[in-house]
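Below: one structure, written as structure tokens.
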Amino acid sequence: MIKSDFHLLITLICRCIFVFFSLCILGSAAGSILAYFKIGYFSFDWKEAVFLSSKKGGAAGSVLGIGIWIKCKLGSKKNGE
């Protein structure tokens, strides 16, 4: 049971990190496209976007994954499972 709980925690953290990483990359690209239409110059640095998105995705995704896991554990204890 402990191994499956740990596996669930790692899976939740990885998925949340991936989701936030993807959202940050898409947000950076959308901001660059919007700036292109506004000022006529497209500036998108992939290296910087990936670095910043991985930092933000790692921080937010790990906190969210742990929070979801704790909420799930508390809910299962409340229901007596």
Side-chain angles (χ1 to χ4, degrees):
M1 174 128 176
I2 292 173
K3 187 175 182 179
S4 66
D5 287 343
F6 184 70
H7 184 266
L8 177 66
L9 174 64
I10 297 300
T11 303
L12 278 170
I13 290 173
C14 289
R15 286 182 180 181
C16 290
I17 287 173
F18 176 73
V19 167
F20 275 101
F21 175 79
S22 301
L23 288 174
C24 288
I25 288 286
L26 288 174
S28 296
S32 294
I33 291 171
L34 184 65
Y36 172 72
F37 287 124
K38 195 102 166 153
I39 61 175
Y41 178 71
F42 185 75
S43 174
F44 186 72
D45 185 19
W46 279 100
K47 188 175 181 180
E48 182 181 347
V50 168
F51 178 69
L52 290 175
S53 296
S54 62
K55 280 177 43 179
K56 293 175 185 177
S62 57
V63 169
L64 182 66
I66 292 170
I68 291 172
W69 184 74
I70 290 172
K71 185 174 186 320
C72 178
K73 295 303 282 178
L74 291 175
S76 67
K77 285 184 180 182
K78 182 179 178 182
N79 293 334
E81 296 175 3

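One-based numbering along the sequence shown.
- Expressed to the nearest 0.5 Å, how far OG of Ser28 lies from CG of Leu23 amounts to 10.5 Å.
- Residue-environment remark: CZ (Phe42) exceeds the threshold of 12 foreign heavy atoms within 6.0 Å.
- Residues Ile13 and Leu8 share a single hydrophobic cluster, defined by chaining ILVMFWY side chains whose heavy atoms lie under 4.5 Å apart.
- The distance from atom OG of Ser54 to atom CD1 of Ile25, rounded to the nearest 0.5 Å, is 8.0 Å.
- Summarising the geometry, atom CD1 belonging to Ile70 is positioned 11.0 Å from atom CG belonging to Leu12; distances are rounded to the nearest 0.5 Å.
- The NZ atom of Lys71 sits 11.0 Å away from the OG atom of Ser76 when rounded to the nearest 0.5 Å.
- Within the structure, every pair that satisfies the ring-ring contact (aromatic ring centres under 6.0 Å, His included) test and touches residues 45-72, not counting sequence neighbours, is listed here: Phe44-Trp46.
- In terms of the ring pair (Phe, Tyr, Trp, His ring centres under 6.0 Å) criterion, Tyr36 has no residue partners (sequence neighbours excluded).
- If you take SG on Cys16 and CZ on Phe21, they are separated by 15.0 Å, rounding to the nearest 0.5 Å.
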Side-chain polar contacts of residues 55-68 - donor-acceptor pairs under 3.5 angstrom, sequence neighbours left out - could you list them?
unit_1: Ser62; atom_1: OG; unit_2: Gly58; atom_2: O; d: 2.7
unit_1: Ser62; atom_1: OG; unit_2: Ala59; atom_2: O; d: 3.2

